[in-house]
Amino acid sequence: MSDFNESAPAPRQGGIAARAMAARGANAPDYLSGLNPEQRAAVETTEGPVLVLAGAGTGKTRVLTTRIAHILATGRAYPSQILAVTFTNKAAREMKQRIGMLVGGQVEGMPWLGTFHSIGVKILRRHAELVGLKPNFTILDTDDQIRLIKQLIQAENLDDKRWPARTFANMLDGWKNKGLVPNDIPEGDARAFAGKGRQLYAAYQARLTTLNACDFGDLLMHPIALFKANPDVLAEYHRRFRYILVDEYQDTNVAQYMWLRLLAQQPSRRQGGDAAISTLAGKIGASRSAPNIPSAARQGRPAVAADAAPPRSEPRSGDSVSANKPQQINICCVGDDDQSIYGWRGAEVDNILRFDKDFPGATVIRLERNYRSTGHILGAASHLIAHNEDRLGKTLFTDSPDPEDPKVEVNAGWDSEEEARAIGEAIEDLQRREDHNLNDMAILVRASFQMRSFEDRFVTMGLNYRVIGGPRFYERMEIRDALAYFRCVCQPADDLAFERIVNTPKRGLGDATVRLLHDYAREREVPIIAAAGEMVETEELKPKPRNTLRGLVADFRRWSELLPTMKHTELAEQILEESGYTEMWQNDRSAEAPGRLENLKELIRSMEEYESLPSFLEHVALVMDAEQNSEMDAVSIMTLHSAKGLEFETVFLPGWEEGLFPHQRALDEGGRSGLEEERRLAYVGITRGKRRVKIWFVSNRRIHGLWQSTIPSRFLDELPEAHVEVMEANTSYGGYGASGFGGYGASRWDGGNAFKESSYKTPGWKRAQAAQAGFAETPSRHGSDGWAGGRSREITYDAEPGSRGSGGGNGFAGRMNDGPAPGRGHNQPPKKGFGLYSSAKRGGPREIQGELVAKSVADTESRFAAGDRVFHLKFGNGTVAAIDGNKLTVDFDKAGQKRVLEGFVEAV
DNA sequence: AGGAACTCTATTTTT
DNA sequence: TAGAGTTCCT
């Protein structure tokens, strides 16, 4: 049944390896020509651990795919002996396709190329019993997960408003990213949720086991636990995988790291996390064991594998290709530390930074020759990223700099509407004058709310655009409902699916009935559908719901019986018909209803490609992904995060303002490393551009409904003059800041073309420096109608509701009226007061590559000391308790302890 | 069951 | 401000 226990087959006629070998030339095979020396080294260094540091646009995927082709073509391994992991399905698909192209044909023979998760499931299906699951376990999506958690929270008699399931789901995610089981979560976390954090986690896992289900995190956690507890199983995989390849290594989290290390036969280095992993399911109350004891030992099994020396002299059946060579770790990780932008969801840049320590004797190959962008773009990006401290260091270069290439542009605008207008015009310009396709242009934003102004504008202009990202096909309500029906049919134990649709469409089976069902099922420990089947035979339900439920149970029974015989697409259609689900939307008069029906049809259509309903469900759980139509010519709008890996002729980067980019929250929560991640995001953004990069910033932006004055991003100051051109403002109101816009402005950017002389001698820059010693100056007010004159709001720190931006009446600026019409008198002289963003106080200049740059906020020395008495506009008088960069912890006499920005506080 | 009124919250996202 | 989610009322 599985190909796993067979010994490696001889290359089949027409099989991938055979074809690859046939395709191989005598000396320099085709696929190797056209690689540059570094790439070629990365491909040909097949043995031992290899780290390929592949800068943006240096041909990373090409190396990865060619390397696989090379391994196959030289007979080093069979396709089934190569483990190749990616993060996204898209990347996996692309790799498969490209390997196919290299080797000539479809790659049916690469069974172990896939995402961490899909490979995880594959492993888990084979050995499910070892972690207490059945092989047909379900995979829960975030939605199910949250509903389940909510039930558990309620079962613990906690207020689910005060303790939102969402929050818990996030914590859960964090733990699983770190590979922590309930017993190993930090004490602080354990105390969360009214002291029930750990208990809830354990209860959650126990519940998943009863449901015969897994969440996404478990797809990594279970295999790790399994390998550790069953060295014999791990050894089989060791024997199998001759070569391991990892894409986007900088994005791996701790759990993925542990998973890889186990498979790479490395003794584990990280004690904490490793000791943590044991069997996840239902380990409540198990006593906390001493660190460093492998979990296998705890469970009374021999401890080998991870924590002991790797079994180097394992017999290696099925290894007909190169038997008898000493065991080597042929792992190749490809990544770019400078493009690590997922720290916030658990990625550990550290994994890539430490590779050579993890794998002693590793070969490190740098790919720095860029084939994508112009010299100016590379120069700008490299100079920017050089401001990061935690990096391995690479410098991209191009062989073909062209004096005609445009420099990276920096543009200023008044507000987000003008920004959208101007970018819209620039797009039309390129389209008309340069004959650009809209498909070659993209707008990359930091946060999705920024998209709106572009959409609004493009709609009025009649400009085609396409938003990438956002809610996906399989996340739509109607799709989830339909899938829930199918799940109930295929998996009678899927309580969550059943609960989702018992009363959809409305059948009069409301909360009360469901609760009864639930209690009954829990008590008897049977699945809810089974419980329903039993309960309708009793007197426990009122006649009406009882009859309805009886009907529904009969429906499901009938559908289940049809499952083995009927064609799955027809059955699916029948289910949706007979359940009344389709009808529900047909009767719905709302505007979305027709679209939903259309989506349901699309769902059925997409099932065609799969053999059966269960196999379709499996696909859906893992590949929450649907193709977008790329037919029409349209500008792409997306976040910087979703742009990673893409490239465009022209890239627009709006919103380069302090607080937005770098994002205030990243700064607050991540400190210096948070800032560095933001900077990498900027780097990713710039390096998406092939020929043109146009950066924008504005001086007023509406955030949470209030107009905020903003200052230019510090990243602008980190761009090298040689590769950047500051554009003259060409808007009707007369340009940005020629008259010392705002007054609080902090950089060379507010001097318009003053930049060309000397960036750091401009009044703006001096002001910025001066500001560091005292208050930043206020933003200017503008307009005259409806201006509240409220106090500026405290970004993030002030959670006190109800008082932001209104009342006060003390004349400190911050609240603006509606979008200002250009040309109106918006440039009033600055008023002395409190700065909006005290991050305006960028630290003293620092020398990098002969240039002065802004220093990060974290280094700024506070003008306060612990014990100082201070006054805060809202909280009144207080005493400084602690200082953290520009943030103060203050014990207020009346308001208690608060964290406030230094800029909002005045010495008394 | 449905709707009005109210509250809360506002990066980034894959699997 | 706006959208989602919840509560409360009929």
Side-chain angles (χ1 to χ4, degrees), chain A residues 85-92 114-121 139-143 145-146 150 159-162 164-167 170 173 176-177 214-221 248 251-253 255-256 340-347 444-452 468-472 474-475 503 505-508 510-511 618-625 638-645 655 659-670 674 677-678 680-682 684-685 701-708 793 795-796 799 801-802 804-806 815-819:
Chain A
V85 264
T86 63
F87 273 82
T88 62
N89 293 301
K90 194 175 156 210
T115 62
F116 277 100
H117 296 266
S118 65
I119 290 170
V121 191
I139 300 161
L140 299 190
D141 61 36
T142 328
D143 230 48
Q145 201 187 10
I146 285 173
K150 199 163 179 177
D159 178 5
D160 62 343
K161 290 213 68 178
R162 206 168 112 102
R166 260 235 162 274
T167 311
N170 287 335
D173 225 44
K176 294 195 173 179
N177 283 155
C214 263
D215 62 19
F216 282 119
D218 290 347
L219 299 181
L220 287 169
M221 295 283 279
E248 306 278 21
D251 288 339
T252 48
N253 60 34
Q256 284 154 341
S340 162
I341 54 174
Y342 286 112
W344 51 274
R345 70 179 194 205
L444 312 183
V445 297
R446 173 66 246 260
S448 43
F449 76 84
Q450 291 173 261
M451 293 180 181
R452 204 182 145 167
I468 312 265
R472 278 158 303 165
Y474 291 111
E475 278 166 16
N503 205 27
K506 300 265 185 294
R507 309 186 162 92
D511 282 355
E618 166 107 346
H619 157 88
V620 167
L622 288 173
V623 188
M624 295 291 259
D625 201 6
M638 69 188 96
T639 63
L640 287 160
H641 283 92
S642 33
K644 194 170 85 162
L660 176 58
F661 192 35
H663 200 282
Q664 191 59 45
R665 207 143 153 190
L667 261 26
D668 295 344
E669 284 162 19
E677 184 154 313
E678 294 288 288
R680 291 194 289 266
L681 205 45
V684 167
R701 192 173 289 277
R702 199 154 65 165
I703 295 169
H704 311 331
L706 296 176
W707 282 97
Q708 295 273 153
R793 67 188 203 88
I795 308 116
T796 326
R804 59 156 74 143
S806 64
R815 169 111 176 244
M816 308 270 178
N817 65 346
D818 259 345

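Only this structure's heavy atoms are used, side chains among them; waters, hydrogens and symmetry mates stay out. Each chain gets a letter, A, B and so on, in the order its sequence line appears, and its residues count up from 1.
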field: For B/dT12, glycosidic torsion class - syn if within 90° of 0, otherwise anti
entry: anti
field: Nearest-nucleotide 5' precedence on DNA chain B, A/Phe449 against A/Ser118
entry: A/Phe449
Heavy-atom side-chain contact between A/Phe661 and A/Leu640 under 4.5 Å: yes
- prompt: Starting at CG of A/Asn253 and ending at C1' of B/dT12, how long is that distance when rounded to a whole Å?
  reply: 17 Å
- prompt: If the P atom of C/dG3 is compared with that of B/dT12, how far apart are they to the nearest Å?
  reply: 15 Å
message: Given B/dT11, B/dT15, B/dT13, identify the nucleotide with an atom nearest to the side chain of A/His641.
response: B/dT13
What pairs of nitrogen or oxygen atoms, one from the protein and one from nucleotides 2-8 of chain C, lie under 3.5 Å apart?
from, atom 1, to, atom 2, distance (Å)
C/dT6, OP1, A/Lys150, NZ, 3.3

- prompt: For A/Gln664 and B/dT12, what is the distance between atoms CD and C1' respectively, to the nearest whole Å?
  reply: 15 Å
- prompt: Among B/dA10, B/dG2, B/dT15, which nucleotide sits nearest the side chain of A/His704?
  reply: B/dA10
field: Exam field: side chain A/Asn503 to backbone A/Arg507, donor-acceptor pair closer than 3.5 Å
entry: yes
query: For A/Thr639 and B/dT13, is the shortest distance between a side-chain N/O and OP1 or OP2 below 4.0 Å?
result: yes
task: Return the value, rounded to whole Å, for the distance between atom CG of A/Asp511 and atom C1' of B/dA1.
output: 12 Å
- request: Between B/dT15, B/dT13, B/dG2, spot the one nearest the side chain of A/Thr142, thanks.
  value: B/dT15
task: From the options B/dA1, B/dA10, B/dT15, select the nucleotide whose nearest atom is closest to the side chain of A/His117.
output: B/dT15
- prompt: Over how many whole Å does the gap from A/Glu678 atom CD to B/dT11 atom C1' extend?
  reply: 8 Å
- request: Considering only atom P, compute the distance from C/dA4 to B/dT11 and round it to an integer number of Å.
  value: 15 Å
query: May A/Tyr342 be described as stacking on the base of B/dT12, applying a 5.5 Å centroid limit and a 30° limit on plane angle?
result: no
message: Tell me the interatomic distance from A/Leu640, atom CG, to B/dT11, atom P, rounded to whole angstroms.
response: 15 Å
query: Do any side-chain nitrogens or oxygens of A/Asn89 fall under 4.0 Å of OP1 or OP2 in B/dT15?
result: yes
- request: Using atom types as modelled and distance alone, determine if a side-chain donor or acceptor of A/Asp218 lies under 3.5 Å from a backbone N or O of A/Met221.
  value: no
message: Using heavy-atom distances to pick each residue's nearest nucleotide on DNA chain B, tell me which of A/Thr88 and A/Gly508 is more 5'.
response: A/Gly508
query: Distance-only, no hydrogens or angles: does the A/Glu248 side chain make a donor-acceptor pair with backbone N or O of A/Thr86 under 3.5 Å?
result: no
- line: Value for CG (A/Leu667) from CD (A/Glu677), rounded to nearest 0.5 Å, stands at 12.0 Å
- prompt: Per the atom types in the model, does the base of B/dT12 pair as donor or acceptor with the side chain of A/Arg446 at under 3.5 Å?
  reply: yes
- line: A/Gln145 atom CD is separated from B/dT14 atom C1', nearest whole Å, by 13 Å
message: In terms of relative ring orientation, are A/Tyr342 and A/His641 parallel, tilted or perpendicular, with 30° and 60° separating the classes?
response: tilted
- request: Please report, rounded to the nearest Å, how far the C1' atom of B/dT13 is from the CZ atom of A/Arg472.
  value: 7 Å
field: Residues, nucleotides or ligands: over 12 heavy atoms within 6.0 Å of A/Asp159 CG
entry: yes
- prompt: According to a strict under-4.0 Å criterion, is A/Ser642 in side-chain N/O contact with OP1 or OP2 of B/dT13?
  reply: yes
task: Give the rounded distance in Å between these two atoms: OH of A/Tyr474 and C1' of B/dT14.
output: 16 Å
task: Ignoring hydrogens and angles, tell me if any N or O in the side chain of A/Arg680 forms a donor-acceptor pair with the backbone of A/Ser340 under 3.5 Å.
output: yes
